[in-house]
Amino acid sequence: MKRLVKGPIGIFDSGFGGISVLKEIERILPGYRYIYLGDTARAPYGTRSMEVVHTFTEQAVDFLFKQGCRIVIIACNTASAEALRKVQQEYLPKHFPDRRVLGVVVPALEEAVRVTRSGRIGVLATGGTVRSGKFPRELRKIDKNMHVVQQAAPLLVPLVEEGEYRSPAAMLILRKYLVPLKRAGIDTLILACTHYGHFEGAIRRELGSRIKIVSEGKVVARKLKEYLARHPEMAVQLERRRGTVFYTTDLTERFRVIGAALLGRPVRPKKAVLGS
């Protein structure tokens, strides 16, 4: 009888943004082992070509699977929008057919459709995610009557990566991005980049209580719990040993300091080499 191999849950992002997803997953699914990978040496992904994003994403997923992960959450909207489907359809069957890679786009859209009243949904995203057309395309599959208003916000990711997301300058930039969305009459806003979850409080204050905010960290964590309940064959493969290991492609003091500030506890990252 073949022995069941168990492993951790992997969470991948281009940088620090996915820590908001990790934090929520740890809260909803405590007692599991996690590996977080931030490709900080090559962030941000939002300005990259689709081909480069796919290469980087495949390298990251490959690294996490080689660390023993059974499921990988791509906590990066650009990677989810531009690379997830190809990774699922081409890479997994060839290399790791018994494992799974999940993204953040569809869970966020499903939640937005659930809570919207008018059907006018705003998407605050990186330039790469907006250019991909992934959110409008996937929304049409869920509900053709919904309308999407997209707004690229390229400067927000660097502000998080530099630990400046609470600065007065950051608030001015954020307001500039939110004005077109408010004028468009949206009643629901998807924070379509995991970095943007760190602006959630400021966005709520700026938009007011009338507009509902869909923050991907909370949604993805809940959807992962539901996924494991529907797929017990995957759930039994997960290692029930509490603890999180952090990897980064650029081992700097900044990852330790900003990561700890975002997560609320010490972060001691290890160096990851991708594509080797």
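A 4.5 Å side-chain heavy-atom check between Y91 and V101 finds every atom pair outside the cut-off. Between D250 and F255, the closest side-chain pair of non-hydrogen atoms is not below 4.5 Å. Under the 4.5 Å side-chain criterion, counting only non-hydrogen atoms from C-beta, F246 is in contact with L22.
Proximity of a side-chain donor or acceptor of D187 to a complementary backbone N or O of S118 within less than 3.5 Å is detected. Judged purely by atom type and a 3.5 angstrom limit, T244 has no side-chain atom pairing as donor or acceptor with the backbone of I35. Not a single donor-acceptor pair under 3.5 Å links the side chain of S132 to the backbone N or O of A81. Y196 places a side-chain N or O within donor-acceptor distance of the main-chain N or O of A153, the cut-off being under 3.5 Å. The backbone N or O of I74 lies less than 3.5 Å from a partner atom in the side chain of S80, making a donor-acceptor pair. With T116 contributing its side chain and A112 its backbone, the two residues share no donor-acceptor pair below 3.5 Å. Counting only distance, with no hydrogens or angles, the side chain of T249 and the backbone of A41 share a donor-acceptor pair below 3.5 Å. Counting only distance, with no hydrogens or angles, the side chain of R100 and the backbone of P97 share a donor-acceptor pair below 3.5 Å. No donor-acceptor pair under 3.5 Å is formed between the side chain of T248 and the backbone N or O of L251.
In this structure, R240 satisfies the cation-pi test against Y32, with its NZ or CZ atom closer than 6.0 Å to the six-membered ring centre and inside 45 degrees of the ring normal. Both tests pass for R42 against the ring of F56: distance under 6.0 Å to the centre and angle within 45° of the axis.
Comment: E24 does not engage K225 in a salt bridge, judged by the lack of any side-chain N to carboxylate O separation of less than 4.0 angstrom. Electrostatic pairing of E200 and R204 counts as a salt bridge here, judged by a charged N lying under 4.0 Å from a carboxylate O. Electrostatic pairing of E206 and R175 counts as a salt bridge here, judged by a charged N lying under 4.0 Å from a carboxylate O. A salt bridge does not link E111 to K223: none of the charged nitrogens lies less than 4.0 Å from a carboxylate oxygen.
Applying the salt bridge (charged side-chain N to carboxylate O under 4.0 Å, His left out) criterion to R85, with sequence neighbours excluded, gives E138.
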Could you go through residues 65-72 and list every donor-acceptor pair under 3.5 Å that involves a side-chain atom there, pairing it with any protein atom two or more places apart or in another chain?
{"from": "K66", "atom 1": "NZ", "to": "D62", "atom 2": "OD2", "distance (Å)": "2.9"}
{"from": "Q67", "atom 1": "OE1", "to": "Y247", "atom 2": "OH", "distance (Å)": "3.4"}
{"from": "R70", "atom 1": "NE", "to": "Q237", "atom 2": "OE1", "distance (Å)": "3.1"}
{"from": "R70", "atom 1": "NH2", "to": "D98", "atom 2": "OD2", "distance (Å)": "2.9"}
{"from": "R70", "atom 1": "NH2", "to": "Q237", "atom 2": "OE1", "distance (Å)": "3.0"}

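Other residues, nucleotides and ligands contribute at most 12 non-hydrogen atoms within 6.0 Å of the CZ atom of R183. Within a 6.0 Å radius of CZ in R242, no more than 12 heavy atoms belonging to other residues, nucleotides or ligands are found. No more than 12 heavy atoms of other residues, nucleotides or ligands shown are found within 6.0 angstrom of NZ on K144.
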Q) Between K86 and E51, does a salt bridge (Lys or Arg N to Asp or Glu O under 4.0 Å) hold up when you go through it step by step? A) CA-CA 11 Å; K86 193 171 182 180; E51 292 76 14; over 6 Å; no

Q: Please test T126 against V130 for side chain to side chain contact (heavy atoms under 4.5 Å, CB included), starting from the C-alpha separation and ending with a verdict.
A: CA-CA 6 Å; T126 66; V130 170; over 6 Å; no

Q: Would you sort out whether R131 and E82 count as a salt bridge (Lys or Arg N to Asp or Glu O under 4.0 Å), showing the intermediate values?
A: CA-CA 10 Å; R131 288 192 303 273; E82 300 189 13; 5.2 Å; no

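Taking CD1 of I19 as the reference point, atom NE2 of H198 lies at 6.5 Å (rounded to 0.5 Å).
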